[in-house]
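Note that the coordinates shown come from a computational prediction; the quantities given were computed from them, not determined experimentally.
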Amino acid sequence: GKDTKSQERINLLHRIAKVCKKQGSYHLATKKFTQAGMKVKAMKSLIKSGDSEKIIFFAGLSKQKEVFVLAGNYLQTLDWHNDPEIMRNIINFYTKAKAYDLLAV
């Protein structure tokens, strides 16, 4: 049936994403995880890429608390003390996640 086909598609996308991630193709892995509806795995893959701009963009489109926290945690590893834009994003993501304990410096 239709549900079986859609589950097969998700499984295939997931397998492709895992292979891409293993090979270091993090952006492609992120895309495949996203197509499979696996936003947290997509964000984890994107973080491996180290592409801050894309991480901020992806988290900005997200609705999931865990994605906001992952993005905030990643951004804290950067030179946020000297970059007000990064600091603003950290505060924004933790606030969206209602992770106020992580805002304490």
Side-chain angles (χ1 to χ4, degrees):
K2 189 180 172 229
D3 286 349
T4 310
K5 281 273 186 243
S6 105
Q7 192 54 51
E8 283 174 13
R9 180 179 176 275
I10 289 168
N11 291 342
L12 181 61
L13 286 166
H14 186 215
R15 285 204 309 275
I16 293 168
K18 286 197 300 192
V19 170
C20 292
K21 188 176 176 184
K22 203 171 275 181
Q23 293 178 345
S25 300
Y26 300 118
H27 289 103
L28 188 55
T30 298
K31 186 175 183 177
K32 295 301 162 194
F33 279 130
T34 301
Q35 289 171 338
M38 301 170 173
K39 298 278 187 343
V40 172
K41 285 183 185 233
M43 177 55 91
K44 286 180 178 176
S45 187
L46 198 50
I47 286 170
K48 284 216 181 259
S49 80
D51 189 333
S52 301
E53 231 174 87
K54 284 203 167 89
I55 290 165
I56 290 167
F57 181 77
F58 187 88
L61 297 176
S62 178
K63 308 252 185 293
Q64 284 181 264
K65 177 181 178 171
E66 195 176 346
V67 170
F68 294 136
V69 171
L70 286 169
N73 290 351
Y74 167 77
L75 292 175
Q76 279 202 337
T77 68
L78 306 180
D79 186 19
W80 60 271
H81 294 282
N82 296 313
D83 190 332
E85 183 63 19
I86 292 175
M87 191 185 302
R88 192 182 60 74
N89 278 300
I90 292 168
I91 293 167
N92 184 27
F93 294 142
Y94 285 157
T95 303
K96 281 183 173 181
K98 294 181 175 48
Y100 305 112
D101 54 316
L102 296 174
L103 280 171
V105 180

Item to check | Where Ile90 and Gly72 come nearest, the two heavy atoms and their spacing | outcome: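 Ile90 and Gly72 have their closest heavy atoms at CG1-O, 4.1 Å.
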Checklist entry - Looking at Phe68 and Ala97, what are the two nearest heavy atoms and their distance? => result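 Smallest heavy-atom distance, with atoms named: CB-CB, 3.8 Å.
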With a cut-off of 3.5 Å and sequence neighbours excluded, list every side-chain donor-acceptor pair involving residues 53-66.
residue, atom, partner, partner atom, Å
Ser62, OG, Gln64, N, 2.9

Checklist entry - By the rule that ILVMFWY residues connect when side-chain heavy atoms come within less than 4.5 angstrom, directly or transitively, which residues belong alongside Leu28? => result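 Taking Ile, Leu, Val, Met, Phe, Trp and Tyr as members, Leu28 stands alone, with no cluster partners.
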Mind jotting down which residue pairs meet the salt bridge (Lys or Arg N to Asp or Glu O under 4.0 Å) criterion with at least one end in [range]? Sequence neighbours excluded, please.
range          : value
residues 7-17  : none
residues 82-97 : Glu85-Arg88
residues 25-47 : none

Next on the checklist: Looking only at side-chain N and O atoms, does Asp3 offer a donor or acceptor that is under 3.5 Å from a partner on Gln7?
Outcome noted: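 No, Asp3 and Gln7 have no side-chain donor paired with an acceptor closer than 3.5 Å.
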Compile the donor-acceptor pairs under 3.5 Å between side chains in residues 18-27 and protein atoms, sequence neighbours left out, one pair per line.
residue, atom, partner, partner atom, Å
His27, NE2, Asp51, OD2, 3.1

Next on the checklist: Once side-chain contact (heavy atoms from CB on, under 4.5 Å) is applied, do any residues pair with Leu78, and if so which ones, sequence neighbours excluded?
Outcome noted: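 Here the qualifying residues are Ser52, Tyr74, Leu75, Ile86.
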Item to check | For Phe93, all residues meeting ring pair (Phe, Tyr, Trp, His ring centres under 6.0 Å), sequence neighbours excluded | outcome: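 So Phe93 forms no ring pair (Phe, Tyr, Trp, His ring centres under 6.0 Å) with any residue.
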Next on the checklist: For Asn82, give me all partners under side chain to side chain donor-acceptor pair (under 3.5 Å), at least two apart in sequence or on another chain.
Outcome noted: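 If we apply the side chain to side chain donor-acceptor pair (under 3.5 Å) test to Asn82, skipping adjacent residues, the hits are Asp79.
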Next on the checklist: Can you pull out every ring pair (Phe, Tyr, Trp, His ring centres under 6.0 Å) where at least one residue sits in residues 2-22? Sequence neighbours excluded, please.
Outcome noted: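 Output for this query lists His14-Phe33.
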